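What follows is a single structure, written as structure tokens, with notes after it.
Note: hydrogens, waters and symmetry copies are ignored here, and every other heavy atom, side chains too, is used. The structure presented is a predicted model; accordingly, all values stated were derived computationally and were not measured.
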Amino acid sequence: MQKANDLKEYREELRESLDNDFLRTTLDNFAVAYRAGRANAFKGMDVRGLIDDIAASKDEAGRNSEALFQEFKENAEAAGVHVHFAKDGDEANAIITRIAKDAGCRKIVKSKSMTAEETLLNHDLEDAGLEVTETDLGEWIIQLRHEGPSHMVMPAIHLSRFQVGDLFTKVTGSKQDAEIEKLVKVARRELRQKYVEADMGISGANFAVAETGGIGLVTNEGNARLVTTLPRVHVALMGIDKLVPKLHDALRILKALPRNATGQQITSYVTWITGANECLAAEDGKKEIHFVVLDNGRSELLKDPLFSQVNRCVRCGACANVCPVYRLVGGHKMGHIYIGAIGLILTYFFHGKDKAKNLVQNCINCEACKDVCAGGIDLPRLIKEIHARIQDEDGHPLPSFLLAKVLKNRKLFHTLLRAAKWGQKPMAEKDGFIRHLPMIFSKEHSFRALPTIAETPFRDWWKENRPEVKKPKYRVALFSGCVQDFVYPEQMQAAVDVFAANGVAMEFPMDQSCCGLPVQMMGETKASRDVAAQNLRAFEPNAYDYIITLCASCAAHLKHNYPKLVMDKPALKLKADAFAAKVMDYSTFVNDVLKVEKDAFRETGEKATYHAPCHLCRGLDVHDAPRRLIEKGGMAYVECAEEEVCCGFGGTFSMKFPELSAELLNKKLNNVEETGAQTLLTDCPGCIMQLRGGLKARGSKVKVKHVAEILSANRK
Amino acid sequence: MSSKETLCQKFKEKAELVSAFVTEIDSEDAALKYVIELCDKKEACQLLASGCEADLSDDAGALCDAKQTKVIAAPGLNKEIYKKLAAKAKKSGFDCIDSGMRDHLAGIDIGFTYAEYGIADTGTLMLDCPGEEMRLATMISEYHVCVLPKSKIRANTYAVEKMMLTRMKKTPDYLAFITGASRTADIERVLALGVHGPLELHILLLEDN
């Protein structure tokens, strides 16, 4: 559970997790195995189509949740089940405690339920004098250790076999080996005894099917079948988000849930319970069944135009499985009860601002979670929005407030950048890096060298050197972003060179400024909107065929977020739509539109590997173009392990969490060096800054370049 | 290959991927023979596979001691087949029961059942078990042996949706999809079979032309 009071304490907690080698290794192995397992499980299926269908069906269920609940209740009651509605966690716990008391129950066996974790049900039951035993192996382990789950599907993933062995030695009173196979058998037999004694079973539900009034449970161990069969009373606790209209909706989710959660095609057991079943331990031979349906803020969420999509979550935990930050620090640091990307969001709504305020800052915005989500939830966007809401309520921290102020005023921003060029003089080295980090950086930032501001920004160079292209094939506007304008103008110049040679006429609107992603990342929504409006005014989209940017982050932000940011201004929204439709990244433009050919470039045959920027591969779904260009540009492309995993830059993220950024970078650079390539190419100046700085700090010989630079250098 | 054979092949392949043992048989007698032989081959201490050698707390240990002979549970069979099985079991020295599963919660050796449907694309058995005895037989047994007539194999869950709905609407109902043995990966993500339910799942594909 999340305990830190402020960001400083939170960073200390993160530090502790980073130092836990066991956890790091387990999560690393899992991350790699999971990707392969998932791909295999979905092989030959239309995954996107399935996700879209699930999203549509869950959205519809969310809109009709009240009617669905009524239908579910009527059908369940007609089949002899008692149905209760609980507005919050306390009420749900009170209802369940009362059921236990009324039925004279003393011992309870539970099968895994995230909803019961959410309401902290066990505490209330134990306070009422009831004995509660978790029967899911992972849940039992963490219950015995008095911990919360560290993963939605694998709650005890943070523990080693040795820790479990010691724990079971205590529980059984006899020495247990740390052999997993044996430990599992010990649990089997210890827990079998608990089932025998229990008079009440508590489960969750993965589906609440309105048309039948029944529930569906998805498990691997089979404990849910015993929990719902042996004791004479059964209580199922479920959120209203589990309501689906038809059995068909549940079967559809079942296609995605296990595949996305663990890479299984289906779990060992899927159990469908409809009505009060036979129970030979009950006096009348019928089980007493209660369904407790929990709201706890969910219906408020459903009314929110943006956050209603949270209802699509099927609790597969995949967002944690692919999150590079979760992979470093584990569950207890990436969520309060619910973990991973969805955990950051649910923590805010279910457990409050104080529990969420630090967590939401720990998203690097790499979009891996959005890409994998079984419900197609735009998780990174929702996390940023919560960050912004919390800042609006609690006040904005000084750095983000200042950055917002500066970015809203392009002239001031550019003047400051130009001034920085002079300010850095005493620290600048000839190789383009700053020698000593300025005072505002703590020593945690020394994992990478920082570049100096360029002598001449691109905008000044452009004024003197803009090429004249006669009879152009295309007219494009260039969007440089601040880093290429003021730090790496040579990347823009390389693009201009290839464009001019291929009959592309170019404009560089001078009033353009930073794309605004950094302030958006810092939760400064207002500034982010102002900056978007400023840039939209600087461009006349109808005058160009394309708007090209060499920065993947800018491209994704311009394309996907601008129309959303100016949604409330109809005239600007029209312009933003036209603008967004024309935005294209460099590699796609050169490979797919200009269709450059191999024979236009010198063949050097030099080995080059690639780093796929998050906002290119996931943000824009571009995978093939840059790799094709590397080959066409005369180099020999060698694939790098985990090529589409984040490099740890994340813009302002690397300033806020340097330890995490350093670790992500470290992994990336190890993979790069393992390829044996001397050149590392990519499509984003932010990534270049991170990768180059890291390689410099390591003393590596590997050169980092933008794809545009090698095409220009090798052009015949 | 006929479409039935293709489905059958797919079912077999998928079930074996999740460590089920699949055997093709041509008669119900062959199924009974399989069960008796399997029970015979099992270790003499019936619960060995589920951890008899491990030291347990006193209560859990006592539960285990309650069990003396090998037990085959076969609730829900038609009378004639059950009679045949019971006779064969007796001859081999095993108990055969079709009720009273609650007296055997320490575990039974084999649960023997018939599936209603098979789902090819995941190698899944569909068993409707509103009766408690049937449910327990498939849960507390160390080995679950299930007969699946080949004619009952369907392509995917959508193809059994109507049948499921019919059953669910005739409440109460307790319906199970069973795919492979009980499993967990909760300790260090290492796969271990038989955590609460059966340690092994044996599927007998019955030719029923």
If you measure from the Lys or Arg side-chain nitrogens to the Asp or Glu carboxylate oxygens, is any gap between [X] and [Y] under 4.0 Å?
X        : Y        : answer
B/Glu116 : B/Arg167 : yes
A/Lys287 : B/Glu132 : no
A/Asp21  : A/Arg24  : no
A/Glu179 : A/Lys185 : no
A/Arg327 : A/Asp28  : yes

Is chain B contacted by the side chain of [X], its backbone, both, or neither, given a heavy-atom distance below 4.5 Å?
X        : value
A/Thr228 : both
A/Val209 : neither
A/Ala281 : both
A/Asp177 : neither
A/Lys246 : neither
A/Thr212 : side chain
A/Ala224 : backbone
A/Phe22  : side chain
A/Leu254 : side chain
A/Leu230 : both

Against chain B, work out which of [options] has the most heavy-atom pairs shorter than 4.5 Å and name it.
options                                : value
A/Cys279, A/Gly80, A/Gly216            : A/Cys279
A/Gly285, A/Ala78, A/Gly138, A/Gly214  : A/Gly138
A/Gln264, A/Glu139, A/Lys255           : A/Lys255
A/His248, A/Glu211, A/Glu181           : A/His248
A/Leu191, A/Thr26, A/Thr229, A/Val184  : A/Thr229
A/Asn223, A/Leu280, A/Leu137, A/Ile266 : A/Leu280

Open item on the list: Per the ring pair (Phe, Tyr, Trp, His ring centres under 6.0 Å) rule, what does the pair list look like for residues 177-196 of chain A, sequence neighbours excluded?
Closed with: A/Tyr195-B/His196
TODO: Mind running salt bridge (Lys or Arg N to Asp or Glu O under 4.0 Å) on A/Glu278 and B/Arg135 for me, showing each step along the way?
DONE: CA-CA 10 Å; A/Glu278 183 185 61; B/Arg135 233 177 293 160; 5.4 Å; no
- [ ] Could you tell me how the ring of B/Phe21 sits relative to the ring of B/His202: parallel (under 30°), tilted (30 to 60°) or perpendicular (over 60°)?
- [x] parallel
- [ ] Could you check whether the rings of B/Phe112 and B/Tyr114 sit parallel, tilted or perpendicular, using 30° and 60° as the cut-offs?
- [x] perpendicular
Task: Contact check, side chains of B/Ile72 and B/Tyr143, non-hydrogen atoms, under 4.5 Å - done: no
Task: Close side-chain approach of B/Leu165 to B/Lys162, heavy-atom, < 4.5 Å - done: no
Sequence neighbours left out, cut at 3.5 Å: what donor-acceptor pairs do the side chains of residues 155-164 of chain A make with other protein atoms?
unit_1: A/His158; atom_1: ND1; unit_2: A/Ser150; atom_2: OG; d: 2.6
unit_1: A/His158; atom_1: NE2; unit_2: A/Glu147; atom_2: OE1; d: 2.7
unit_1: A/Ser160; atom_1: OG; unit_2: A/Phe162; atom_2: N; d: 3.3
unit_1: A/Ser160; atom_1: OG; unit_2: A/Gln163; atom_2: N; d: 3.2
unit_1: A/Ser160; atom_1: OG; unit_2: A/Gln163; atom_2: OE1; d: 3.4
unit_1: A/Arg161; atom_1: NE; unit_2: B/Glu188; atom_2: OE1; d: 3.0
unit_1: A/Arg161; atom_1: NE; unit_2: B/Glu188; atom_2: OE2; d: 3.3
unit_1: A/Arg161; atom_1: NH2; unit_2: B/Glu188; atom_2: OE1; d: 2.9
unit_1: A/Gln163; atom_1: OE1; unit_2: A/Ser160; atom_2: N; d: 2.8

Open item on the list: Sort by residue number and list every residue of residues 178-186 of chain B having at least one heavy atom under 4.5 Å from chain A.
Closed with: B/Ile178, B/Thr179, B/Ala181, B/Ser182, B/Arg183, B/Thr184, B/Asp186
Task: Region of B/Thr124 that comes under 4.5 Å of a non-hydrogen atom in chain A - done: side chain
Taking only distance into account, with no hydrogens and no angle test, what donor-acceptor pairs under 3.5 Å do side-chain atoms of residues 269-276 of chain A form with protein atoms, sequence neighbours excluded?
none

